[in-house]
Amino acid sequence: MTDRFVVGSFGEPGTMLAAVDALRGAGVAIHDVFAPYPVHGLDQAMGIRRSRLPLVTLLAGLGGLCFALAFQYYTAVFDWPLDVGGKPENSTLAFVPVCFELTVLIGGLGTVGAFLLRARLFPGKREQLAALGVTNNVFAIVTYAPRDANDDELARRIMLENGADEVEEREGST
Amino acid sequence: MTNRRPSCEEAAHAAPGGGEPLVQIGLPTGTRSTGFDATRRDVLSLMGFSLGALGVAGCRAPVQHAVPLPTASVEMVPGVPNLYATTCGGCSAACALVVKQRDGRPIKIEGNESSPLTGGGTCAAGQASVLSLYDDARLRGPSWLGNPVSWPEMDRHIRTALGGHSDAREVVLLSQTITSPSTRAVLEDLRAVFPKFRHVVYDPMSLAPLRAANRLCHGVAVIPHYRFDRARVVVGLEADFLGTWLAPVEFARQWAQRRKAGAERAFHVQCEAGLSVTGSNADLRLAVAPSDLGRFAVALLAAVARRLGDEQPAGLDASALAQETTHAAAVDRIAAELVRSRGESLVVSGSDDVATQIVVARLNAQLGNIGKTVDLERPSWQRQGDDAALPALINDMNRGAVHALMIWGANPVYDHPDGAAFRAALAKVALTISFADRRDETSAHVHAVCPDHHFLEAWGDAEPVAGQFSLRQPLIAPLHDTRAAVESMLAWADRPADHRSVVRDFWRRALYGRTTPAPGGFEDFWERTLERGVVEIPRPPVATHPFAGDWEGAVRDIISRGRANRSGAEHGGGYELALLETVGARDGRHANNPWLQELPDPMTRLTWGNVACVAPETAAALGVATGDVVSLTTEIGKLELPAFVQAGQQRRTISVAVGYGRWAAGKAGDGVGANVFPLARVENGARRYWARVAIAKTGRRARLAPAQTHFSMEGREIVQFEHVNEHEHEHEKLPDLWRERLRGAHAWGMSIDLDACTGCSACVVACQAENNIPVVGAEQVRKSRIMHWMRIDRYFEGDGEDARSLHQPMMCQHCQHAPCETVCPVLATTTSSEGINQQVYNRCIGTRYCANNCPYKVRRFNWHNFTANDDFPYNMQSPLGRLVLNPDVTVRSRGVMEKCNLCVQRIQLGKNQAVLQRRPMADGDVATACQQACPTGAIVFGDRGDPDSRVSKLLAGQRAYNVLEELGTRPNVGYLKRIARKEST
Amino acid sequence: MKVRGIVLGFALLGAGGGLLARGATRIGVHQGYAPEQPIDFPHRIHAGDNKIPCLYCHSAARTSRHAGIPSASVCMNCHTLIEKQTTEIQRLKEAVQLQRPVVWTKVHNLPDFVYFNHSQHVVSGVACQRCHGAVERMDRIEQASPLTMGWCLGCHRSEAHVPTSTFARVAANVRNRPTPFAGEDCTSCHY
Amino acid sequence: MSTGAMEPTAGTGPEIAPATRWIEGTPSLHRITTDISRPMEAKPGRGWWICFGIAGAAVLNLLGMVTYLFAKGIGIWGLNNAVGWAFDITNFVFWIGIGHAGTLISAILLLFRQKWRTSINRSAEAMTIFAVMCAGLFPLIHMGRPWDAFFIFPYFPNQRGPLWVNFRSPLVWDVFAISTYFTISLVFWYLGMIPDLATLRDRAVSGIKKFVFRILSMGWNGSQRTWSRYEIVSLVLAALATPLVLSVHSIVSTDFATSLLPGWHTTIFPPYFVAGAIYSGFGMVLTLLIITRQTMHLERYITTNHLEAMAKVTLLTGSLVGYAYATEFFNAWYSGNVYERFHFINRATGPYAWCFYLMVLCNVLTPQIFWWKRARRSIPLLFIASILVNVGMWFERFVIIVVSLHRAFLPSGWGMFYPTVFDVGILIGVFGLFFSLFLLFIRALPMIAMWEVKGVAND
């Protein structure tokens, strides 16, 4: 479905932050904020919860560890227990390095993969820019503009009061 | 190990001429099996070039063909090796051999265990002689005046040139010692045909003085048959009887029998100028200059005489004589030992001086050794050369007295000081014929070259020692259009016969009668002898008389000359150049054999060339270092050689090996080293193998090709000693961190007796032949990339003249806790269930990590592709040379690691035989190549799992130890400590 | 929908890789290789219909590493008595008369660096068909087995009473495996 | 990135900030963008072309020599039965070492909230990746049969049935360690670049550029929700990469430490190698940054403060390495093991002693000048020192490998190693490869993380 949005662009992170606070204070639902770099304090201001990606890391890492251990044990002890320098078939200590490496590898790749999926990023995706230059020097707040008009006015007014360079309304889909 | 066959009639009867019988025999079903097959090589070379080629090689394998014999052969099953007994043609010792023939190709030479002389031992040259069969330099057929001709044409030419036999024009055969009785008989026939037929015998390394001395002292001009196995004290004077002198294989065996006899162990003294294999194994070695040797012998004689209370040489008293030598104290002690074991002692001398030999004969006589350790009645028929004969012949040739000259196995232009004269004289002879197998220095200047067979293609027989006969039979149809020399001579004498029947008839006529008649008559006897290879046929003893030589004259002669020498020494430069034979080069006849050229000399560890060995003190005095080119000037002339600082070298002497510096031997042998034979001039009827020399630095440096560069053990316990009658406490085994692994049916192991190993290097060549080890050439050796799986390390203890030289055969130790295995990323090397450290070539990717981690540095890497690669023009480059390859052993490609695998192919064969015969394996079923070749039985291989096996017993013994035991590698190859005799003076 | 496209792409990539890998593992494997022979020799008639035992012609298999291809003279043992004539038999007789060896095309080519000994297996009672397939039903001989190392080992392990299936091996107490009767060492085949 | 600044109680921030400024002046966000994008948008200067010309020539030489190597076999090197590894593995360890500073700077300094990393981490990571590529070349070409290199990977299906690889072999550990390290570093680097790629995408005028950057930037639009996840991921990766860095060179050191060769068989190798790696890594980063900041006019972002900070690290790690050298000798003496003792006597007095002394001079003595602040802040001194450090570290590996091998247990097996033209040529060629890659990088991609700098600039 398509929505109507109010998009306000700011040249300064400070003013933008103030606007965000004001908007939330006035109970305007903020769709998202777009910035050329992660402005600190914005998460709290927008009330974004901390991501659960580290959990993915943990699981993927454990997966890698188990696979490495099982695989080495299987090849060295079960599949063909060769006599290598008279060492015991299950030379667990010798298996540690590979276990560690695979833990890190799979853990890392898993996390990144999960992030890309969650953030819906993939090669060749066509970008949707809130405002020109959000990747350069513009900070843009995007709020939902519900049907009834005065509310809409509210958002626009708050943004302008807080020093938005420009505020516009747009149709778009999320 | 494989089916041993009476004779190889098939090969014998196959049509002569060219290789086609060979090709049919040699390529049975499955070209792959023949080891040198095209596909494998192509795949490898392809791989060598690019990754893509792997795909090529894999996806579309080259089509291979299988060519069965048109008519099935009874004897020859493709893939099954046959063994045939024959006789070595490598030198006049004529050792009995058993040759392994595979798909019609002789590929490996082994000693014949049933020979009472060698007992299965061989020497390096003998082991290598199989490669000479496939030598590219061999002539493909006869040639007349340099143009190839057919044999009938050749015979026509020669008959006309001989112009009938009636007229009394002299026909001369110049040959080296001929030990073949049948051939000697043929020569007698020739006398009948050619009224004035003369046989001139000469050896490059001659023992004429010894025979002369025996003529003067005992009335027979023979070389006695020495019995080192009966001697409790052996004194060698310039006689390298363990390495090169006379019959080294036989002597080494006898010597080792004594050495292993525990309490009966012989006391061995060696006096020599340059360090030799024999000297390095002596219990007491004295460095004596050639010019002092005689005086040493005299002093020894005097000392012995005094102890025996015998008369002293008139006008000379013992004390005075003792002063003649620099080793007065030692002389007395040796005399004591000799006298203590009278009749069980032996003094041998290779001296080139008749007087000295007379003194030695006197010594043996005084000690009552004649008939015990010195057998004159059943003498040796080796080294029958007469030094005076050749110069005489040259005169006759120049006089034009010689009408026809046949040269057989002799190469005087190369190895005689009068070579140039001889060459010139050849022009004055109406007809000169050579039987040489190649266009060598001499045969290049004759009218007719009638190439003789290689001994593996020929019939024949030998009697190296009176009464000890052995037969020779062909292992393969002649590769080229060659003809037995005997056949040629008979053809020209209008008595054409084929060599086989000649030998056979002689044996029926002359020998069979003297044997106990066999049930099956002569046929039976002949078959059995062919199969066994050797037979002992009693013959009437040679008549001798007790010692009656003018020994006092000899003594005075020596003394006077000695004094002259001394005074001469003061002003004539003061150095003496001593010529010596090395186990690899010998007298130079094998010069084109790359195996021997690359065989590190056990004493210098140098390959590809000879050097001037200089004593450290002398080197310091002259400011010469190893590698400096020095010029050696004698009255004969001047030559330049790289110097080599050799501990143990007598101070006043410089030793140089003969057998190098050939210029017409072939690709591998030409221009390697310098030829010093010209220095061995003939002086009053005998060749002198030493000369007064002036040495000088040239300022240039030469790049030697050493297989080992560091000779000190750095105080590490690598070669260990056990002191006689000194109790060794049982040393406790190191604890093991890991539980013993599950073992299979066997636990293969090897024990190497450092007290019996002489360093003769037969094992090294045997290993090379058995395992298809490539020759890499001097340049690669310099880069220390020699490929030998087995090497003989040489270390020095002490320094100067008294330095003791130690030999240690070193190959993969087959550790149970092998450091190399743990580090291989791809499991290319692991321990087999039978304890072998396996190396899997086709899994190896060549990280060389294993070699780095090997404490014994026994792993060898294929730095280049050494097969069919023109950068390495040795035997494995030429298709002919590759015929020697062992089909049961992989030809390694470039980039893989290799090493000793305890001849696993022989182990597998042994198992296979046991399975086929439905019996368990027995101790001794499997002999590794090195063990089989060893003349002293120093190497014993077997199953350590079986407590009764020889190897188990040996390795459980007092003397057993492992090299670098403290590293905990737990080798399956153990060593027996060398015995250090308590010096009790 | 874009996402689905991406996923599909990855799936295809994976499938392609899998096929490639499978193809790669067939490199050098010539299972089913059946080259034309100089003489069109039908094993079906000899080994099949006439029940000539394999070892009659390939007698070397009893004693040698090579089974051996019989000499033409061996063929003549029977073919001198049998009057049936075909062009193929004619060719054979020619070869015998002219003493010209028949140049057969080798069918079973082991990979390089591998040693295989027929006699060992024949004596141990391994049936020829176990590796060479139902020769007695082949008109033109063809390579029935992959002749790869994995294939050899499978047999060697079952002969060695070493459990081959993973679960079996897990079940079996690996520590005290029986020592293999059929060699499981590298040097059983590689040297 | 500016996690440090994100802290509500930016405790560390203010303490450092007055002491050192990590950016000259206060450029506007747009200014930062343009400054950093300039190298990519302007035409390359002559300096760049000269450097690239030289490096490229070296690469061609490398290609030629490697081709010849594959055709003839590694016999064309000076290696032999005594010395089985020399330049090949020396180069391998050397480049792996170089590869350590990058991830260290981006990961460890990130965890330690070191803001000064922001303007150097991008190029440092790039350097890591290129160095690891160079390193990875050697295990391949040093093999006798490189066309069979795939044997060291355990893969399925295969023709060999149950034959896998030897997981006890340090070489197999290397395979896993290095491929993991390479992958993670690459991902980390790329991930960190996505926002900048988006910036470039939006700046791009030409269609191709826009197309390429669009594919690479994955439709990044600066959404704060993404930003917050993004930072978490970066932190996670950093936390993973830090032990990874330490593990990689520890594992490389086990190539030697797990053997039994005197001079290799030492327990201190892992930490010693890691210190050495960081040391040489920082040396190389210094060299590169000093060159680029001059040629690319980025003094504003790569300040003397950065260089000084790195000089301090160099001093620390250099001294650690020196300590390790001393320890080795002490252990050799204290162990009383004849082989160990001989080895170290031979190291200091043998035929290769000059290498040893060169190594001590460069690695232990050179960095000591950084005790003086003036030295730390003098560009020429830093440059020379950084070069010397890398020379020294190369020789350290050479000494460890060759000197240990050439005289091992049995004197009969002793030998010498003499490099051939191919040894040297390939050494040079790989440097060429490294520098060409780096030169291409600074033209094609933002060599300073814009968004991170922006973050720091706006505190």
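Since we're looking at a predicted model, the values are computed, not measured. The figures that follow rest on heavy atoms only: side chains count, while hydrogens, waters and symmetry mates do not. Chain identifiers are assigned alphabetically (A, B, ...) following the order of the sequence lines, protein sequences preceding nucleic acid strands; residue numbering begins at 1 within each chain.
For the set A:G108, A:A140, A:A94, the entry with the most heavy-atom pairs within less than 4.5 Å of chain D is A:A94. Across A:R118, A:R50, A:M46, the residue that shares the most heavy-atom pairs under 4.5 angstrom with chain D is A:R118. Of the listed residues A:T103, A:L93, A:L129, the one with more heavy-atom pairs under 4.5 angstrom with chain D than any other is A:L129. Between chain D and the residues A:A35, A:A119, A:A68, A:S91, the largest count of heavy-atom pairs under 4.5 Å involves A:A35. With chain D as partner, the option from A:L82, A:V56, A:L132, A:T57 having the largest number of non-hydrogen pairs under 4.5 angstrom is A:T57.
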_Walk me through whether D:I251 and A:F100 qualify under side chain to side chain contact (heavy atoms under 4.5 Å, CB included)._
CA-CA 11 Å; D:I251 288 178; A:F100 173 79; 5.7 Å; no
*Would D:W164 and A:W80 count as a side chain to side chain contact (heavy atoms under 4.5 Å, CB included) if you check the C-alpha gap in whole Å, the side-chain angles of each, and the deciding distance to 0.1 Å?*
CA-CA 8 Å; D:W164 295 93; A:W80 199 352; 6.0 Å; no
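Residue contact with chain A, scored on non-hydrogen atoms closer than 4.5 Å, involves the backbone and the side chain of D:P243 alike. Neither the backbone nor the side chain of A:L58 comes within contact range of chain D; no heavy atoms are under 4.5 Å apart.
Between A:F115 and D:L191 the shortest side-chain heavy-atom distance falls below 4.5 Å. Annotation: side chain of D:T183 is in contact with side chain of A:L109 (closest heavy-atom distance under 4.5 Å). Put simply, the side chain of D:K454 reaches to within 4.5 Å of the side chain of A:N136, judged on heavy atoms.
Across all their heavy atoms, A:V104 and D:I184 have their closest contact at O-CD1, 4.0 Å. For the residue pair A:F71 and D:F167, the shortest heavy atom distance occurs at CE2-CZ, 3.6 Å. The minimum heavy-atom distance between D:I232 and A:S51, with the atom names listed, is CG1-CB, 4.2 Å. Taking both residues in full, the closest heavy atoms of D:R168 and A:A76 are given as NH2-CB, 4.2 Å, listed atom of the first, atom of the second, then distance. Closest approach of D:W451 to A:P36, counting heavy atoms only: CB-O, 3.5 Å. For the residue pair A:P123 and D:M218, the shortest heavy atom distance occurs at N-CG, 3.7 Å.
Separating the CG atom in A:N137 from the CG atom in D:L29 is a distance of 6.0 Å, to the nearest 0.5 Å. The line from NE2 of A:H40 to CD of D:E231 is 11.0 Å long, rounded to the nearest 0.5 Å. Taking OG1 of D:T226 as the reference point, atom CD1 of A:I48 lies at 9.0 Å (rounded to 0.5 Å).
Side-chain contact of D:Q224 with A:D43: a donor-acceptor pair under 3.5 Å is present, judged by distance alone.
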